[in-house]
Amino acid sequence: DEVELNEQLTDSSRSVQLFLKELDNNLTEAWTIEKMAQSAGVGLTRFTHHCKQITNLTPMRYLMMQRLKLSKDILINNEQMSVSEVAFACGFSTSQYFSTVFKKHEKCTPLEYRLKHLVAN
């Protein structure tokens, strides 16, 4: 059987891909999955589906990982910034939440991470 190419599917996948690329420039935004899907111009279910296909993560998990990646960069390259400032600069709503998530992923606090990397360099 011939499989017909569904143009709408490739377009929505591309839209999600473009959105995810742009997301890095807008990490401080108070994103919800609904807002993300709307921004990508795709329905919620389709957005989540494509996001999982592209990133292997749910949209909110992907957002969290991007924010953490940014925070690690800022922690090392901006010593003068406090942990709270880093948290807000990366889009976390509170510094406590940021520290909790950070510690869960990095097995150390943001300050310990900074010190470890400053000593290493």
Side-chain angles (χ1 to χ4, degrees):
D1 281 353
E2 273 292 310
V3 176
E4 205 174 302
L5 180 64
N6 184 336
E7 283 297 324
Q8 233 177 336
L9 282 179
T10 56
D11 283 351
S12 61
S13 177
R14 198 169 311 120
S15 297
V16 173
Q17 223 161 4
L18 291 170
F19 170 78
L20 292 173
K21 277 196 182 109
E22 269 307 298
L23 183 64
D24 286 347
N25 303 322
N26 301 297
L27 291 174
T28 54
E29 191 100 13
W31 291 109
T32 61
I33 299 178
E34 291 79 11
K35 265 188 175 174
M36 289 180 184
Q38 201 175 11
S39 253
V42 180
L44 193 61
T45 309
R46 187 164 277 170
F47 177 77
T48 304
H49 168 77
H50 288 306
C51 186
K52 279 182 182 168
Q53 269 195 326
I54 296 165
T55 66
N56 218 11
L57 300 165
T58 63
M60 294 314 277
R61 185 114 180 104
Y62 179 77
L63 174 64
M64 182 68 63
M65 298 314 283
Q66 294 306 98
R67 285 176 170 169
L68 281 173
K69 196 163 84 177
L70 176 63
S71 74
K72 292 192 285 189
D73 195 45
I74 294 175
L75 281 167
I76 294 168
N77 296 312
N78 298 284
E79 292 172 58
Q80 75 287 357
M81 278 178 86
S82 71
V83 170
S84 291
E85 289 171 323
V86 173
F88 297 126
C90 297
F92 288 92
S93 47
T94 69
S95 57
Q96 289 84 353
Y97 179 61
F98 166 62
S99 293
T100 304
V101 171
F102 193 95
K103 192 168 185 170
K104 189 177 158 206
H105 283 271
E106 297 301 320
K107 310 289 182 252
C108 64
T109 67
L111 273 182
E112 289 166 348
Y113 181 87
R114 175 183 272 164
L115 290 172
K116 198 165 49 180
H117 287 82
L118 291 177
V119 169
N121 292 332

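Treat the numbers as computed from the prediction; the structure is a model and nothing was measured.
- A donor-acceptor contact shorter than 3.5 Å is absent between the side chain of Ser39 and the backbone of Met36.
- Taking hydrophobic clusters as Ile, Leu, Val, Met, Phe, Trp and Tyr residues chained together by side-chain heavy-atom distances below 4.5 Å, Leu18 does not share a cluster with Leu23.
- Placement of Phe88 and Leu70 in two distinct hydrophobic clusters is found when ILVMFWY residues are connected by side-chain heavy-atom separations under 4.5 Å, directly or transitively.
- Side-chain contact check for Cys90 versus Ile74: some heavy-atom pair is nearer than 4.5 Å.
- Of all the heavy atoms in Ile76 and Leu118, the pair that sits closest is O-CD2, 3.9 Å.
- Using a distance-only test at 3.5 Å, with no hydrogens or angles considered, a donor-acceptor pair links the side chain of His117 to the main chain of Tyr113.
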Show me, pair by pair, the donor-acceptor contacts under 3.5 angstrom made by side chains of residues 97-104, not counting sequence neighbours?
{"residue": "Ser99", "atom": "OG", "partner": "Ser95", "partner atom": "O", "Å": "3.1"}
{"residue": "Thr100", "atom": "OG1", "partner": "Gln96", "partner atom": "O", "Å": "2.8"}

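- Summarising the geometry, atom CD belonging to Glu106 is positioned 9.5 Å from atom CG belonging to Leu75; distances are rounded to the nearest 0.5 Å.
- The salt bridge (Lys or Arg N to Asp or Glu O under 4.0 Å) contacts involving residues 24-34 comprise nothing, where partners must be two or more places apart or lie in separate chains.
- Looking at every heavy atom in both residues, Val86 comes nearest to Arg114 through CG2-NH2, 4.2 Å.
- Asn78 is linked by a side chain to side chain donor-acceptor pair (under 3.5 Å) to nothing, counting only residues two or more places apart in sequence or in another chain.
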| task | Please lay out, stage by stage, how Val42 and Ser15 fare under the test side-chain contact (heavy atoms from CB on, under 4.5 Å). | result | CA-CA 7 Å; Val42 180; Ser15 297; 3.9 Å; yes
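- Sequence neighbours left out, the pairs with a member in residues 21-46 that pass ring-ring contact (aromatic ring centres under 6.0 Å, His included) are Phe19-Trp31.
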Please table the atom pairs, donor to acceptor, closer than 3.5 Å between any side-chain atom in residues 55-64 and protein atoms at least two apart or in another chain.
{"residue": "Thr55", "atom": "OG1", "partner": "Cys51", "partner atom": "O", "Å": "2.7"}
{"residue": "Thr55", "atom": "OG1", "partner": "Leu57", "partner atom": "N", "Å": "3.0"}
{"residue": "Thr55", "atom": "OG1", "partner": "Leu57", "partner atom": "O", "Å": "3.1"}
{"residue": "Thr58", "atom": "OG1", "partner": "Arg61", "partner atom": "N", "Å": "3.3"}

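- At least one side-chain heavy atom of Met65 sits less than 4.5 Å from a side-chain heavy atom of His105.
- In terms of the side chain to side chain donor-acceptor pair (under 3.5 Å) criterion, residue partners of Asp73 (sequence neighbours excluded) are, by chain and number, Asn77.
- Within the 3.5 Å criterion, the main-chain N or O of Phe92 finds no donor-acceptor partner in the side chain of Arg67.
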